[in-house]
Amino acid sequence: MRNVAPLAMAIAVALAPGILFAQTTDDGKTLDAVVVTGSNIKRTDAEGPSPVQVIDRVQLEQSGKQTVADVLRSISANTGNAYNETYNNGWASGAAGIGLRGLSQKNTLVLLNGRRLANYGFPQGGLSDTFVNLNALPLVAVERIEVLKDGASAVYGSDAVAGVVNIITRQNASGLEIGADVGTSTEGGADQHHFTLVGGTGDLDTDRYNVLYSFEYFKRDRLDQDERDLTKSGIYTDLPGGRWNGWSAKGARLLGANGASIPLLDANGNCPEGTVLTASAPIDGRAGNTCAFNLAPYTTLIPGTERYQAYVAGTYRITDNVEAFGEALYSYIRGDSIFGSSPYFTLESGRFALNADTGLAEPVPAVLPANNPYNPFGVDTPIEYTFFNLGQSQKINTSRFYRVLGGVRGRTERWDWETGVFTSRSTERETVTAGFANRYGLAAALADGTYNLLDPSATPQSVLDSINLRTVRPAESELNGVDFKFSGNLFDLPAGSVGFAAGAEWRQEKLQSTNPWQIDAGLQIRPAIAEVDGKRDVSALYAEFNVPVATGLELQLAGRGDYYSDFGSAFSPKASLRWQPLDWLLVRAAASRGFRAPSLSENANSTNISYGAVVDPFDPDLPNSTQRPTFFTVGNSDLDPERTRSYNLGFVLSPLADTSVSVDYYRIKLDNLIGTNNTTAIVNRNDPADVIRDADGKLVAIYNRYQNLSELETSGFDVELSQRWHTASAGDFNLSSVYTHVLEYKRPATVGGPSVDYAGSNLGPALPRNKATTTLGWDIGDVSTSLTWYYTGGYDQRTVTGANVPRRVDAGNQFDLYFGYKGFEGWTLFAKVQNVFDEEPPYDPAGFAGLRVPYEITQYDLRGRYVTVGFDYRF
């Protein structure tokens, strides 16, 4: 019964009046044939055999979103399993990706003007998810975004399993526009400043050339947990199942033989500076007291960022039928955040360092030596201690991205052709300014007592210098390519001309991510390791046919063969039908087979060491509590590619010139799924080969491996509405809504186990069944307004168990408002309010396992009501 309301909403949307098939413009002119994402054959019909959601320039400006990533993450097809820079304790800090259909970011292909981009240098998850960093793409240069919500490996090759996002820049621009805006939250914090410039010179028709240029600057301040009422105390005992989840009990304590907590106190009974004496049980379940501290002031909710982005595109008409084109994009991004899982270095059990000789991880004892002057027992004793005066683990991520492209295109009487060559690179540097410890310096300071555990400020600077480490983690991803394609009509049939397109591509992919030298030298305790060094060449041939079978009935066939130098070849076919029996009715269907090649990071012989949280039902002190072990993930050079089968069936109704309603069903099945076993399942199985515990039974480490799992299957449907009303006196109104319902998302929870439906739950990533974006706009005279409703459905809470823990996470609703005024010549003044009603994210106790916040960070953030005001001026 829980899905009745969203389904009713979808039915209401489908039955409501919502753009004709858009073969003519408002003034009755016939549209030129264009290439629509998902095919290389030009057509005049806006609606093809596959569903494509188009977000135009007006929607981009009125959305209130400041980045390409924010726009794409708000669409309904992005149901979950995608991350942005708020996930700052992950491997790809500072970046944002898109994962359509709840599949991984590596299953969605991102294009710029129809061509690929270099991936971000740091894969998400350490080795798994390679993806394009959407933050590197300047929104001011974007004309529209086309989202193909269907498999397209037959056209584009690998990665287009869940769909394709094609970001299309402005073309043939003239004049000069500048803009600026400022924004802040009404709760304070996360202030932002934004400046844009876009212009163009020359006209293709009269001057035979055009050059477009743009520049964008964006800066947003960091927002930490202590800046929000919900999170600043770190104590959630007022919430069902909540405890002192935002606190650490490991400020300064020893552990007794029975695991009881024994605080480290000075002669006056005081804890070290920065910690307070409190009971350990509300935090981690241990008996006794501890010197604890609140992590909220040291945990980032939204990282700070500063971006400089420039884009230039030019076209020169050599002859009436041949033109040269080129484009260059450069982006510099700097982000700062506090390392989400470890704001300061803490010595505790489960710490590792590399052995410099063998390259293998080995444990670092968390023991206070018997002869240490601060050890009251005279025997080696387990210790948990946070070293505040080593400095905060602040991460500074810098990214430099570019793509340069040049080519020639032309047309003959029957054919259009194009060839291009491009290079793209993303270079990353992650600097952790402090908060890491040198294993040898720390061991010496604990052995001779030169580090003052009771009064850390009294520790000599020379001792601190011998312990403290500052690291730099570099990475670089590179993509080089050349392509040639042509399209036109082969011959005529009674029902029309047979369209044809074919092409050839070659590209070279490189990815190199290396460790800080301190890790390889075996110095750093708790090293985060994701070392990759991969390179491959990819060649491809493809062809498409569009066959008019009968009046109103088209058959489209496509096929592509790809050859990869590191694993072999793959062939991807696709067949589509487009049937328009009536002017106001279109029926479409598609079936395809595709693939995703193992990423350069997945198929390497490499080991990833990471740290996170997992619920441990066998914890000896507090069963079903959250623990933070070391995660080992092992690569596999013998992986096969993922094989996919995709199906799409739908219809479009356009009973009136300003009305369009579409309903599309999709189904995607992946075989040979590349992934790792579910960490929760590994812990629940408690196999000593994979689950490592200390002498007391506390969880220390989990071993996982990349492999070809059995399969994943997901299905659902999209409903899209567009409706316009034109009035003589009250202006123009428009209503648009896009709704996605996930019917199923099945995959094995354990290797070789039965399929489990993850849809509508947080068994893995949170995957709400229902998501919708609805916008009502009104234009009258010089005034434009719009109200957008973002609906994210609730889901079953199945990660955290307990007597008082809620089993259901509520739905989330956010309303954004836009107001624009163009009454002054050349000027547009605007105001945008995101989250008008200042709604907090729905409570989800599973959020405590990530950044220790009571909500799901892949779906929501704690920005609150956010107000932006600004202007655009056109000279």
Side-chain angles (χ1 to χ4, degrees), residues 19-24 30-54 146 148-156 160 163-164 411-417 485-503 541-561 571-594 644-655 660-669 717-718 720:
I19 301 178
L20 189 62
F21 297 131
Q23 296 177 347
T24 60
T30 302
L31 292 173
D32 292 333
V34 296
V35 173
V36 178
T37 300
S39 173
N40 287 300
I41 299 175
K42 292 184 177 181
R43 62 185 309 122
T44 58
D45 305 297
E47 295 287 356
S50 296
V52 178
Q53 180 180 351
V54 180
E146 295 181 352
L148 173 68
K149 296 182 281 190
D150 188 17
S153 291
V155 178
Y156 300 111
V164 179
R411 62 177 181 271
T412 65
E413 185 176 344
R414 292 182 56 192
W415 300 101
D416 293 332
W417 57 270
K485 61 184 177 181
F486 64 95
S487 65
N489 296 322
L490 285 177
F491 51 83
D492 293 334
L493 293 176
S497 298
V498 176
F500 176 72
L541 294 172
Y542 62 86
E544 293 180 69
F545 296 86
N546 192 72
V547 182
V549 179
T551 301
L553 179 63
E554 300 176 9
L555 170 65
Q556 191 173 90
L557 301 173
R560 179 182 175 109
F571 177 72
S572 305
K574 183 174 183 177
S576 307
L577 279 174
R578 183 186 187 276
W579 180 41
Q580 190 170 348
L582 302 168
D583 288 343
W584 51 270
L585 174 63
L586 168 69
V587 180
R588 58 193 177 195
S592 64
R593 293 178 59 188
T644 67
R645 284 172 283 172
S646 300
Y647 307 93
N648 195 86
L649 176 64
F651 63 86
V652 185
L653 296 175
S654 187
S660 176
V661 178
S662 66
V663 179
D664 289 279
Y665 166 81
Y666 70 88
R667 180 170 175 262
I668 304 171
K669 184 175 181 180
F717 62 83
D718 300 314
E720 187 167 352

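Only heavy atoms go into these numbers, but all of them, side chains included; no hydrogens, no water, no symmetry mates.
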My understanding is that only residues two or more places apart in sequence, or in another chain, count here; which of them pass salt bridge (Lys or Arg N to Asp or Glu O under 4.0 Å) with [X]?
X	answer
R593	none
R645	D671
K485	none

What pair of heavy atoms forms the shortest contact from [X] to [Y], and how long is it?
X	Y	result
P49	R588	O-CB, 3.5 Å
F545	I41	C-CD1, 4.0 Å
V652	S660	CG1-OG, 3.7 Å
A501	S487	CB-CB, 3.8 Å
A590	S50	CB-OG, 4.3 Å

What's the separation between atom [atom1] in [X] and atom [atom2] in [Y], rounded to the nearest 0.5 Å?
X	Y	atom1	atom2	answer
N546	F500	CG	CZ	12.5 Å
L541	R560	CG	CZ	9.0 Å
Y666	F717	OH	CZ	9.5 Å

Holding to side chain to side chain contact (heavy atoms under 4.5 Å, CB included), I want the full list of residues that pass it with [X], two or more places apart in sequence or in another chain.
X	answer
S646	D150, S592, I668
V164	T37, L109, L111, L148, A152, Y156, A160
R414	none
F571	P573

Is the shortest side-chain heavy-atom distance between [X] and [Y] below 4.5 Å?
X	Y	result
V155	E544	yes
R578	S576	no
P51	E720	no
S662	L653	no
D664	K149	no

- Not counting sequence neighbours, which residues clear side chain to side chain donor-acceptor pair (under 3.5 Å) with T412? List them please.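 T412 satisfies side chain to side chain donor-acceptor pair (under 3.5 Å) with no residue once adjacent residues are dropped.
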- Message: Among residues at least two apart in sequence or on other chains, which ones pass side chain to side chain donor-acceptor pair (under 3.5 Å) with D416?
- Response: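 In terms of side chain to side chain donor-acceptor pair (under 3.5 Å), with neighbours along the sequence ignored, D416 is linked to K42.
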- Item | CH2/W417: more than 12 non-hydrogen atoms of other groups inside 6.0 Å |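 For W417, atom CH2 is crowded (more than 12 foreign heavy atoms under 6.0 Å).
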- Task: Taking ring pair (Phe, Tyr, Trp, His ring centres under 6.0 Å) as the test, write out the residues that go with Y665, two or more places apart.
- Result: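 For Y665 there are no ring pair (Phe, Tyr, Trp, His ring centres under 6.0 Å) partners, ignoring immediate neighbours.
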- Sequence neighbours left out, what passes ring pair (Phe, Tyr, Trp, His ring centres under 6.0 Å) with W415? Give chain and number order.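 If we apply the ring pair (Phe, Tyr, Trp, His ring centres under 6.0 Å) test to W415, skipping adjacent residues, the hits are F486.
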